[in-house]
There are 2 protein chains.
Amino acid sequence: MGSLHTDVLENNSVGALNPLDPEEFRKQGHMVIDFLADYYRDIEKYPVRSQVEPGYLRKCLPDSAPYNPEPMDSIMQDIQTHIVPGITHWMSPNYFAYFPSSGSTAGFLGEMLSTGFNVVGFNWMSSPAATELETIVVDWLGKMLKLPNQFLFSGNGGGVLQGTTCEAILCTLTAARDRALNRIGREYIGKLVVYGSDQTHCALQKAAQIAGINPANFRAVATSSATAFGLSADSLRSAILSDLDAGLIPLFVCATIGTTSSTAVDYIGPICQVAKDYNMWVHVDAAYAGSACICPEFRHFIDGVEDADSFSLNAHKWFFTTLDCCCLWVKDPSALVKALSTNPEYLKNKATESKQVVDYKDWQIALSRRFRAMKLWLVLRTYGVANLRNFLRSHVKMAKQFEGLVGLDKRFEIVVPRTFAMVCFRLRPEVAGGEEKANEMNKKMLEAVNSSGRLYMTHAVVGGVYMIRFAVGGSLTEERHVNLAWQAVQEYADAILGTGADIDVFC
Amino acid sequence: MGSLHTDVLENNSVGALNPLDPEEFRKQGHMVIDFLADYYRDIEKYPVRSQVEPGYLRKCLPDSAPYNPEPMDSIMQDIQTHIVPGITHWMSPNYFAYFPSSGSTAGFLGEMLSTGFNVVGFNWMSSPAATELETIVVDWLGKMLKLPNQFLFSGNGGGVLQGTTCEAILCTLTAARDRALNRIGREYIGKLVVYGSDQTHCALQKAAQIAGINPANFRAVATSSATAFGLSADSLRSAILSDLDAGLIPLFVCATIGTTSSTAVDYIGPICQVAKDYNMWVHVDAAYAGSACICPEFRHFIDGVEDADSFSLNAHKWFFTTLDCCCLWVKDPSALVKALSTNPEYLKNKATESKQVVDYKDWQIALSRRFRAMKLWLVLRTYGVANLRNFLRSHVKMAKQFEGLVGLDKRFEIVVPRTFAMVCFRLRPEVAGGEEKANEMNKKMLEAVNSSGRLYMTHAVVGGVYMIRFAVGGSLTEERHVNLAWQAVQEYADAILGTGADIDVFC
């Protein structure tokens, strides 16, 4: 490392360096594959949550880019020495935080291939295979989910692969907004109202902000344990009526299948019935739990989707596809295209003019787009529907196993019923000395567990209750990791409650 | 292939399949590296622009996902047979279309590593190395560009890696919009005006649409050959004054360094002077030509950037970093954060509360984000400043070489002066029989060249003139490819003009 200011141009051998020499690519590519294979093999050695302090890396790296080239060997050494300690190991089998991002070999290989081809697939013309494979895999996945035909290309709807749910919601909200404003007049933008629940992902509020919805017109309708923190159609209607009374215009509602805090489900059917009465757009955000709906026993959670306008899930969340890959289906692609299309001269081409092709640039925020279909295609083919269901069921089974273990220890309780592969639990208030102390104690216990590096979980607060989320979804996670995780939780509970050994809970 | 409905669950050996088995990963990873190394080695065999017809792929693939797993060997065979013919080979040395996306071995390896770690780096806590390396590499690159300190973290500004310029512009426009509306009142959203030139990338108009700017309040200020199609400060001021007269509120202006059609430059200094008078946000879109500004001889093209609010370039365009990687620097990160931040309970953590860390989720549209810094870091270190300048200069040199060849053939002319590594040329109207016929003939010639598969170029129209863009930027492109490209162009010109052999120009 370091930044030697000797001009490399004077070195003739370097002048011949080609940044994409095939044999150099081959050699270094094999080296990085071995590095990553070893990383996965050894991943349990590392503390799951990174233990570094803010600012650690600036102390290790130079202030400016090197003037001369550096060999790959020393860069790889720096990755091991300086980067790996700053990684929180999302691929670890002991990772149970947020929602895991379930990578897989097939997903990785697909990403390699799309990176290798490096096509910028803004329209059909720019690389037909990228667009066509995308239309095919979103139809495949749509059929696996038993989405109504109206969401498939054969039913005049269609799907698109975007980066994240945030983008998918922003696109659908923009489409809904312009559909409404084109009818009622642009001057009404300040009157439009967007609805979710107090459990809806912050992506909705952010999308509304970006799309120019007045922040005062964003409704996080209250939920409660009575509906297992799902959005009730009655509460939604009340909120809408109150807004109508105030002269506002209901525009958009987002129903979630598997909320971030507790995997709660907003039942789509009743919400769509309300939305229909007010001509609103319904988006179904199934970022997490949508994947499970390829299993017949979970499909009922998206019953009613036939009445929604759009539906999305994150294949990078619980579908073995590396980050990023959000699948969005819409019934009316023309609404997206009207809101998001641009047609500059430099992109005009015969295929577009023939109207026989999809130009995905008009279905998303950005013009440039990666060939994301490749990885989803590889995941679907490498594992097949049967194994994908297998994997998901094994995660649900492991979550049930953890739930069972929690149930056997009377100091703990399950806070909200488990629906998919996440368990929300805590030390009981009776053990902690009241509700307030329970929140504090659970927070302290969680921090102690995470600081140990043995596993990583995160928290949420629903209905005023601080709870620990144990989300199973890592591709390397096996039953033994779940058992070890529970053992660690019990040890820290012992320490916190003063009933066990002297584990340092203040580390 | 095919979709056999035999339940694989009954096969015990498959039950043990792990989607991230390290040894399976190693084996298949090596196979894909070899596939890609061979692809680069043999890439000149393929027609550059894909020759397939719309709908070709659906005919080759099954209607639904396979139920049982399929072996990687047969998937790779399908990629070779069905996908490669549908690829337009952006990595080909004979690719001179749009702006090339200059991949490199280092960029690819960086993408592999970030895909392998698969961290979801929404905030510092979720993987400290991802955030910290990003703050470091954007500072490195900012220094290479001699951006004023106000754009670096040390100067209380900072940079962020986003996917595309479309996203970068949308974020800065949203920040500018909210800064203004928070001052004057939300109800004025319909009065805000956004300015670019008639050469500005469509990303600006699209961002304005998404951000809820009234489409009637988007100004594409006319340019002409008198300013080499750059936005003149006088024209901008006239447009602003006229809008002020109409009771509108100037908000945002985008200056481009290297427009898509002709690599025109909007001089930043004078534009900022005008913008300052009306308290407007100035964004500098240097998506293409920003990279060149690491060379001292090109740096003057961004003189005046010290008075702008934000600056972006696409490292995936002309900086050897695979798609996607847009570098955005802002002077006032808090403007982004105010417009784009969300703070749900489930993401709260001690590091964020300490205010000692950057949480990049608040600097961009999406919450989830890939570890893009890895690839930019590898590019900077593997090649070093000296070689990166070398590469860029070699592209400029090859473009000059092509320009020279065009100049030697009296049937052709350069349409706009070459500034960077793109040459805009055409068959002269005198040869074609007038302006209108020249446009037709050049279009026909371009289609014939592209249909041959020997090279790929695209077109633009500026000032009513249809011109062919020859953009050098492929990492594998050498002088011999440029010579062969010119030879092909001349052959098709001969055929079109009836002065040469019987090449089929109607293929």
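So that the names make sense, note that chain A is the first sequence line, chain B the second, and so on, each numbered from 1.
Proximity to chain A (any heavy atom under 4.5 Å) is restricted, for B:Leu170, to the side chain, taken from C-beta onward. No part of B:Arg469 comes within reach of chain A, as not one of its non-hydrogen atoms sits under 4.5 angstrom from that chain. If you measure heavy-atom distances from B:Met31 to chain A, you find no contacts under 4.5 Å at all. Within the 4.5 angstrom heavy-atom criterion, atoms from both the backbone and the side chain of B:Asp34 approach chain A. Contacts between B:Asn343 and chain A at a heavy-atom distance below 4.5 Å are absent for every atom of the residue. Residue contact with chain A, scored on non-hydrogen atoms closer than 4.5 Å, involves the backbone and the side chain of B:Ser127 alike. Heavy atoms of A:Glu132 lying under 4.5 Å from chain B belong to its backbone as well as its side chain. With a threshold of 4.5 angstrom between heavy atoms, A:Met112 approaches chain B through its backbone and through its side chain. Using a 4.5 Å cut-off between heavy atoms, A:Thr164 touches chain B through its side chain atoms alone. Both the backbone and the side chain of B:Thr135 come within less than 4.5 Å of a heavy atom of chain A. With a 4.5 angstrom heavy-atom cutoff, B:Val357 touches chain A only via side-chain atoms. There is no contact between A:Glu187 and chain B, counting heavy-atom distances below 4.5 Å. Proximity to chain B involves both the backbone and the side chain of A:Asn118, based on heavy atoms less than 4.5 angstrom apart. If you measure heavy-atom distances from A:Tyr98 to chain B, the contacts under 4.5 Å come from the side chain alone. Of the atoms belonging to A:Ile75, heavy atoms from both backbone and side chain fall under 4.5 Å from chain B. Using a 4.5 Å cut-off between heavy atoms, B:Phe99 does not touch chain A at all. Neither the backbone nor the side chain of B:Asn314 comes within contact range of chain A, judged by heavy atoms closer than 4.5 Å.
Between A:Ile83 and B:Leu133, some side-chain heavy-atom pair lies under the 4.5 Å cut-off. Between A:Asp21 and B:Thr105 there is no side-chain heavy-atom pair separated by less than 4.5 Å. Side-chain contact between A:Arg370 and B:Thr322 is absent, with no heavy atoms from C-beta onward closer than 4.5 Å. Residues B:Glu345 and A:His459 form a side-chain contact, since some pair of their non-hydrogen atoms from C-beta on lies under 4.5 Å apart. B:Thr260 is not listed as a side-chain neighbour of A:Pro344, based on a closest heavy-atom distance of 4.5 Å or more. A:Thr88 is listed as a side-chain neighbour of A:Ser50, based on a closest heavy-atom distance under 4.5 Å. A 4.5 Å side-chain heavy-atom check between B:Phe391 and B:Ser475 finds every atom pair outside the cut-off. B:Trp90 places none of its side-chain heavy atoms less than 4.5 Å from the side chain of B:Leu323.
Considering only heavy-atom pairs separated by less than 4.5 Å from chain B, the leading option among A:Cys166, A:Ser104, A:Pro54 is A:Pro54. When each of B:Ile365, B:Thr382, B:Val120, B:Asn349 is checked for heavy-atom pairs under 4.5 Å with chain A, B:Val120 comes out on top. For the set B:Phe371, B:Phe35, B:Phe320, B:Trp124, the entry with the most heavy-atom pairs within less than 4.5 Å of chain A is B:Trp124. Contact tally against chain A (heavy-atom pairs below 4.5 Å) for B:Gln28, B:Gln356, B:His30: the top residue is B:His30. With chain B as partner, the option from A:Lys143, A:Glu167, A:Gln209, A:Glu111 having the largest number of non-hydrogen pairs under 4.5 angstrom is A:Gln209. Contact count versus chain B (heavy atoms, under 4.5 Å) is highest, among A:Glu478, A:His316, A:Arg177, A:Gln205, for A:Arg177. Chosen from B:Thr174, B:Val119, B:Leu347, B:Leu380, the residue pairing most often with chain A at heavy-atom distances under 4.5 Å is B:Val119. Comparing A:Ala203, A:Ser261, A:Ala339, A:Ala130 by how many heavy-atom pairs each has under 4.5 Å with chain B, the most go to A:Ala339. Between chain B and the options A:Glu24, A:Lys348, A:Arg41, the largest number of non-hydrogen pairs under 4.5 Å is found for A:Arg41. Counting heavy-atom pairs closer than 4.5 Å to chain A, the top-ranked of the candidates B:Leu36, B:Thr131, B:Ile43, B:Thr165 is B:Leu36. Contact count against chain B (heavy-atom pairs under 4.5 Å) is highest for A:Leu367 among A:Val137, A:Val379, A:Leu388, A:Leu367. Per-residue heavy-atom pair counts under 4.5 Å with chain A were compared for B:Gly190, B:Ala216, B:Ala106, B:Ala211, and the maximum is reached by B:Ala211.
Between B:Phe117 and A:Tyr39, the angle of the ring planes goes over 60°, which puts this pair in the perpendicular group of the 30/60° scheme. By the 30° and 60° cut-offs, the orientation of the rings of A:His201 relative to B:Tyr346 is tilted.
Contact check on B:Asp178 versus B:Arg186 returns a salt bridge, with a Lys/Arg side-chain nitrogen under 4.0 Å from an Asp/Glu carboxylate oxygen.
The number of heavy atoms from other shown groups lying within 6.0 Å of CG (B:Asp63) does not exceed 12. When the shell of 6.0 Å around CD of B:Glu53 is examined, it contains 12 or fewer heavy atoms from other residues, nucleotides or ligands.
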Show your working on side chain to side chain contact (heavy atoms under 4.5 Å, CB included) between B:Asp78 and A:Trp377 and close with a plain yes or no. CA-CA 11 Å; B:Asp78 283 344; A:Trp377 191 48; 4.1 Å; yes

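Looking at B:Ser102, its side chain does come within 3.5 Å of a backbone N or O of B:Lys317 through a donor-acceptor pair. B:Tyr383 places a side-chain N or O within donor-acceptor distance of the main-chain N or O of A:Pro19, the cut-off being under 3.5 Å.
Minimum interatomic distance between A:Pro66 and A:Glu70 (heavy atoms only, all atoms of both residues): CG-OE1, 3.5 Å.
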